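Since the model is a prediction, treat every value here as computed from it, not as a measurement.
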Amino acid sequence: MTISTPIIAQTNPALPALAIAPAVHYLRQPSPLGELIVAATERGICGLYFEQHKYFRGTADWRYTPVQRHLLLAARQLDDYFDGKLTRFTLPLDLAGTPFQRSVWQALSDIPFGATVSYGEHARQIGRPSAVRAVGTAIGRNPVSIVVPCHRVLGSAGSLAGYAGGLERKQFLLTLEGRRSPAGD
């Protein structure tokens, strides 16, 4: 999966530290996994959550704007993905995270549709082979499940492990993609 635009909208270091956060818009998108909450700023998609997502904090500070341009594009691409017509998302993303998290998330986008890797292999791919637990934590904090495919990372020997949206959803996504065996571990 290749993301056609930068995975992170870089913060401008020239701006004051107390700059106002960009407005977040959202829509509710039906899917075979239940309702998805898709969030975006004017720069791109910044969140994709399930109602019971482990790290979802709710929409209280967001604006319900189902016609926002990035949200419309995401809804269309998600429909195509679940219909088996899309294997690579091409959405602009605006993800907030540490440099380490962003490197982990960027590398997730390199895992092809239908393929899987282990947490250990993913840590090696980003040049941090001894940081498997930290890599797993960063993967768990991925704010755009499905689009940045954290579901393609498995435990040792291909075991189903960790997914903030729930293991049953992870299994569904892997089955939808015709999962292949993990490379490594």
Engineer: Could you tell me which residues satisfy side chain to side chain contact (heavy atoms under 4.5 Å, CB included) with Thr98, sequence neighbours excluded, listed by chain and number?
Structural biologist: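 Scan of Thr98 (side chain to side chain contact (heavy atoms under 4.5 Å, CB included), adjacent residues dropped) gives Phe100, Gln101.
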Engineer: List the residues meeting side chain to side chain donor-acceptor pair (under 3.5 Å) with Thr65, not counting sequence neighbours, and say none if there are none.
Structural biologist: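 For Thr65, the residues satisfying side chain to side chain donor-acceptor pair (under 3.5 Å) (neighbours in sequence not counted) are His25.
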Engineer: May I ask you to decide if the ring planes of Phe82 and Phe172 are parallel, tilted or perpendicular, using 30° and 60° as cut-offs?
Structural biologist: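 Taking Phe172 first and then Phe82, their aromatic rings sit tilted (interplane angle of 30° to 60°).
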Engineer: Keeping to residues at least two apart or across chains, list the salt bridge (Lys or Arg N to Asp or Glu O under 4.0 Å) pairs with something in residues 21-39.
Structural biologist: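 The answer is Arg28-Glu35, Arg28-Glu51.
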Engineer: Is it true that a side-chain atom of His151 and a backbone atom of Leu174 form a donor plus acceptor pair closer than 3.5 Å?
Structural biologist: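 No, the answer is negative, given that no donor and acceptor are paired below the 3.5 Å cut-off.
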Engineer: Decide whether Leu27 and Val67 are clustered together by the hydrophobic rule: side chain heavy atoms of Ile, Leu, Val, Met, Phe, Trp, Tyr closer than 4.5 Å, transitively.
Structural biologist: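 Leu27 does not cluster with Val67.
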Engineer: Without swapping roles, check the side chain of Lys170 against the backbone of Leu154 for a donor-acceptor pair under 3.5 Å.
Structural biologist: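 No; zero donor-acceptor contacts below 3.5 Å.
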Engineer: With a 4.5 Å limit on heavy-atom distance, are the side chains of Ile45 and Val147 in contact?
Structural biologist: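 Result no, sub-4.5 Å side-chain heavy-atom pair not found.
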Engineer: Do Val148 and Phe89 come within less than 4.5 Å of each other through their side chains, counting heavy atoms only?
Structural biologist: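 No, their side chains stay 4.5 Å or more apart.
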Engineer: Would the number of heavy atoms belonging to other residues, nucleotides or ligands and lying under 6.0 Å from CG of Asp83 be above 12?
Structural biologist: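 Enclosed.
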Engineer: Do Glu168 and Leu33 have side chains that get closer than 4.5 Å, going by heavy atoms?
Structural biologist: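 In short, these two side chains do not touch, never coming nearer than 4.5 Å.
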Engineer: Compare all side-chain heavy atoms of Cys150 with those of Ser145 and state whether any distance is below 4.5 angstrom.
Structural biologist: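 Yes; the side chains approach each other to less than 4.5 Å.
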Engineer: Locate the shortest heavy-atom distance separating Leu95 from Pro143; write the atom from each residue and the value.
Structural biologist: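 What the structure gives for the nearest pair is CD2-CG, 3.9 Å.
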Engineer: Decide yes or no for Phe113 and Arg152: does some side-chain heavy atom of the first lie under 4.5 Å from some side-chain heavy atom of the second?
Structural biologist: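 They are in contact (side-chain heavy atoms under 4.5 Å apart), so the answer is yes.
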Engineer: Is Phe50 linked to Tyr64 within one hydrophobic cluster, defined over Ile, Leu, Val, Met, Phe, Trp and Tyr using a side-chain heavy-atom separation of less than 4.5 Å?
Structural biologist: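 No, no single cluster joins them.
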Engineer: Could you list the residues that satisfy side chain to side chain donor-acceptor pair (under 3.5 Å) with Ser103, not counting sequence neighbours?
Structural biologist: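 Checked Ser103 against side chain to side chain donor-acceptor pair (under 3.5 Å); zero matches.
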Engineer: If you apply the rule side-chain contact (heavy atoms from CB on, under 4.5 Å), what do you find for Leu108 with His122, and how did you get there?
Structural biologist: CA-CA 8 Å; Leu108 288 171; His122 197 68; 3.7 Å; yes
Engineer: Kindly give the heavy-atom pair with the smallest separation between Val132 and Pro129, and that separation in Å.
Structural biologist: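 What the structure gives for the nearest pair is CG2-O, 3.6 Å.
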Engineer: If we only count heavy atoms from C-beta on, is the Leu48 to Leu78 side-chain gap below 4.5 Å?
Structural biologist: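 In contact.
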Engineer: Going by the side-chain hydrogen bond (donor to acceptor under 3.5 Å, both in side chains) test, which pairs reach into residues 67-81, not counting sequence neighbours?
Structural biologist: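 Output for this query lists Gln29-Asp79, Gln77-Thr90, Tyr81-Glu177.
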Engineer: Check the hydrophobic clustering (I, L, V, M, F, W, Y; side-chain heavy atoms under 4.5 Å; chains of links allowed) and say if Leu36 and Tyr49 are grouped together.
Structural biologist: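 Different clusters: Leu36 never reaches Tyr49 through Ile, Leu, Val, Met, Phe, Trp or Tyr contacts under 4.5 Å.
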Engineer: According to a 4.5 Å side-chain heavy-atom criterion applied to Ile, Leu, Val, Met, Phe, Trp and Tyr, with indirect links allowed, do Val24 and Leu73 form part of one hydrophobic cluster?
Structural biologist: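 No, because Val24 and Leu73 fall into different hydrophobic clusters, even though each may have its own neighbours under 4.5 Å.
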Engineer: Taking a hydrophobic cluster as the set of Ile, Leu, Val, Met, Phe, Trp and Tyr residues connected by side-chain heavy atoms closer than 4.5 Å, whether directly or through intermediates, do Val38 and Leu72 fall within one such cluster?
Structural biologist: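 No.
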Engineer: Please, which pairs that meet salt bridge (Lys or Arg N to Asp or Glu O under 4.0 Å) have at least one residue in residues 134-149, sequence neighbours excluded?
Structural biologist: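 Qualifying pairs: none.
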